[in-house]
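Residue numbering restarts at 1 for every chain, and letters A, B, ... go by the order of the sequence lines. Because only heavy atoms are used, hydrogens play no part in the values below, and waters and symmetry mates are left out as well, while side chains stay in.
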Protein chains: 4
Amino acid sequence: MALRSRESTGRTGNRTPVKERLLHVATRLFARHGFEGTSVQDIVDAAGVTKGAMYHYYGSKDDLLYEVYHQVLSMQLSHLDEIAAGPGTAEQRLREAAADVVRTSLDNLDDMIVFFRSLHMLPDDKQVQVRAERRRYHDKFKALVEEGVAAGTFRADISADIVVHYFLSVVNQLGSWYRPDGPLSPAEVGDLFTELLIGGLATR
Amino acid sequence: MALRSRESTGRTGNRTPVKERLLHVATRLFARHGFEGTSVQDIVDAAGVTKGAMYHYYGSKDDLLYEVYHQVLSMQLSHLDEIAAGPGTAEQRLREAAADVVRTSLDNLDDMIVFFRSLHMLPDDKQVQVRAERRRYHDKFKALVEEGVAAGTFRADISADIVVHYFLSVVNQLGSWYRPDGPLSPAEVGDLFTELLIGGLATR
Amino acid sequence: MALRSRESTGRTGNRTPVKERLLHVATRLFARHGFEGTSVQDIVDAAGVTKGAMYHYYGSKDDLLYEVYHQVLSMQLSHLDEIAAGPGTAEQRLREAAADVVRTSLDNLDDMIVFFRSLHMLPDDKQVQVRAERRRYHDKFKALVEEGVAAGTFRADISADIVVHYFLSVVNQLGSWYRPDGPLSPAEVGDLFTELLIGGLATR
Amino acid sequence: MALRSRESTGRTGNRTPVKERLLHVATRLFARHGFEGTSVQDIVDAAGVTKGAMYHYYGSKDDLLYEVYHQVLSMQLSHLDEIAAGPGTAEQRLREAAADVVRTSLDNLDDMIVFFRSLHMLPDDKQVQVRAERRRYHDKFKALVEEGVAAGTFRADISADIVVHYFLSVVNQLGSWYRPDGPLSPAEVGDLFTELLIGGLATR
DNA sequence: AATGAATGAGCTTTCATTCAT
DNA sequence: TATGAATGAAAGCTCATTCAT
């Protein structure tokens, strides 16, 4: 009888490389029990490795949290870049952007939950990095709103900044009420929220 | 020679009764450094008492957190009860309710920050209590929206539940961007957000 | 049968107050196994308390080390102050001072061993404090040498600074060779070393 | 096209053979941050290799420390052998020996610092080896002193053992005060300290 | 000769909570 | 009503060392 080969893809869960596995289980645990409610021991146990292994790949528990943030944020930012630079009126592109950020947030709900619950626990320097990335998203989104105002499509009496705070608040809170097994798909929620946003912005 | 009386209102800062003082400083510290980032020692130091005193008034650190939640929630709930039962069309009352929840949230920003950041750290039984109170707020708010839909004032193609999730998300995130020393007063933010909500709901 | 009363002075070693007991056993352990070779667990086990108790009295393991330093240093400094201000020629007072620093160092040999082996492990700010205290000792001692040079008793061709470095080196190394159960008493070593110092300084 | 040869003296800083480079950087790091304050990772990083390489050449971190000791000690021992067997009176040879041990110690100050700070961290068997070598140095030095006493040049009322402890203490502490960029050269310090020693020993 | 992923035991420190007074 | 010494469990992190390659 042949010995189980070491690179087995069996159910021991050793499929994926250690580094990614760690990030994956950490995300799940952070979302379930919070950042401070999850110990490094919990993470490495769930990943089937030892602490030393984790510290081989990540400088600290904070680092792990930062990576969770970073991955979703940069994906959403690149989507927004593409959409903003694409064809269509300001309203059309804002609709696309709004629907996308809702949809991708719901597709990565665990990350979002972690993100908006734990940001304040990062050390200052990492918080600054994250805020800068979020600010870039905010500003890009705001530019779309301003385009629509300039075009006369959107009402001019509410500052674009406030509008963006308003809508991104909605996005950031998705984790607090959305349940994947509920009646609405991510895309449907995206469409409905886009409707509410555009309706609120529209000139009569 | 008279001894300094213990209940002195003098410069030791011991003005308010110990119990309230503890809740007050706890709220501030939780908002600044997070629930888990604040130690019982921090709290009692800031309140100028010792641990024993805190455990005399509150059963645990969790208790303190729960009290923070409870106070604002019950105030907002009683406001909503009053407004909903008051005069005016559904739209008028929804406008009042929306503006009120934004305004009172901004007036108690520290509590809101603590609330939405730390809820998940409470033990399950306390979380259940809090969720029930929030659910009552949600349902009452939703009833106002449904009234407006029934009256033909609001569009019928977006479920009232979704609308409430949408708007309360905005409220719950106020702490993440509003700065008291910024250009807008709580009332102004309340009006603008109410505009965006009603605009999004309005039938054309 | 009567229960053993809690404030027993029995051989459980709980005689002295916890705070002093901790300092005492820490000194002994640091001297035997080095600062980094001694764990906080070792210390509290030897003192018969728990870690929490230690951190109640001392801010850190470093703090404990600093206290060891501080106690002997300040005793020696006060001795030197007294001697320098006392009666007698410069030579007589230098003899007294030299004999005293040797004697008191040998009487607190564990502290000296810890001191000169572990100083460099303290955080910078604490090192600065210690160095300042040592510098004060050095300077006071040097003043005595200079007095003797001015009086023509001591040779003028070797700077007082170098002489002090020379003699304090001898003192600082006592721990590396002196054994309390050896043939010489602390006072005898003090006298012999004083002879060697004064002989080396004397003008012919 | 020729491949870059591996033993290149190029800008990678890989000039010296790995084994010596490791010893060299280890000495420097031990002197700067202490033995326990220096991790194997620190050493191999500074040497530009990996841990595996270090464990290929040295059995352990302790081994590295022992090598540092051994090198200087054996050099000084061979100098002393030469001097003692050389020409001149006992005083002349003692002067030479004293000046030499000060000078060579200052020329290898890092090693001395490491030596006298970290000896106690070696495992017992290695400590025994080192102590034996030091004892041989001590005894050889002591023989010179005894020669001078027998010749009537040095005072007979202070045991040679004590004298050697006295002077080697001075040598062993050089690292605690000497600064290479200070006013005195190693040779000058050697001469001054020799003066102080011989003066202290001289019969009047 | 050299790599670097991984181990596992150990470290210092923090902290909510208790309890005798 | 309030103190503060003391507990004990758990936390994040470090590090010398091993070993398959």
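Considering only side-chain atoms of C/K51, the nucleotide from F/dA10, E/dG4, E/dG10 that sits closest is F/dA10. Minimum atom distance to the side chain of B/S39 is reached by E/dA16, of the listed E/dA16, F/dA6, F/dT18. Listed candidates were E/dT7, F/dT7, E/dT17. Nearest to the side chain of C/V49 is F/dT7. Distance from the side chain of D/K61 is smallest to F/dA16 among E/dA2, F/dA16, E/dT17.
D/Y55 places its OH atom 6 Å from the P atom of F/dA16, with the value rounded to the nearest Å. For the pair A/D42 CG and F/dA9 C1', the computed distance is 14 Å after rounding to whole Å. Rounded to whole Å, atom P of F/dC13 lies 10 Å from atom CG of A/L64. Residue C/D62 contributes atom CG, which lies 10 Å from atom C1' of E/dT12 at whole-angstrom precision. Atom CD of C/E36 is separated from atom P of E/dG10 by 17 Å (rounded to the nearest Å). Summarising the geometry, the separation between CD on B/E20 and C1' on F/dT1 is reported as 16 Å, rounded to the nearest angstrom. At whole-Å resolution of the value, OH in A/Y58 and C1' in F/dG12 are 17 Å apart. Nucleotide E/dT12 holds its P atom 9 Å from the CE atom of C/M54, rounded to whole Å.
With a cut-off of 3.5 Å on both pairing distances, the Watson-Crick or G-U wobble partner of F/dT21 is E/dA2.
In terms of phosphate contacts, B/H56 brings a side-chain nitrogen or oxygen within less than 4.0 Å of OP1 or OP2 of F/dT1. Contact annotation: D/Y57 side-chain N/O to E/dA2 OP1/OP2 distance is under 4.0 Å.
A 6.0 Å sphere centred on NE2 of B/H120 holds more than 12 heavy atoms belonging to other residues, nucleotides or ligands.
Side chain of A/R28 to backbone of A/D110: no donor-acceptor contact under 3.5 angstrom is found.
Checking C/Q41 against A/T50, the closest nucleotide of DNA chain E that is more toward the 5' end is the one next to A/T50. Taking the nucleotide of DNA chain E with the nearest heavy atom to each of C/V40 and B/G37, the more 5' of the two is matched to C/V40.
Aromatic ring pairs are classed by plane angle as parallel below 30°, tilted from 30° to 60° and perpendicular above 60°; the pair A/F35 and A/F30 is perpendicular.
A heavy-atom distance below 4.5 Å is found between the side chains of D/M54 and D/L64.
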Practice item. Decide yes or no on side chain to side chain donor-acceptor pair (under 3.5 Å) for A/Y69 and A/E133, but give the supporting numbers first. Key: CA-CA 10 Å; A/Y69 288 171; A/E133 294 188 79; over 6 Å; no

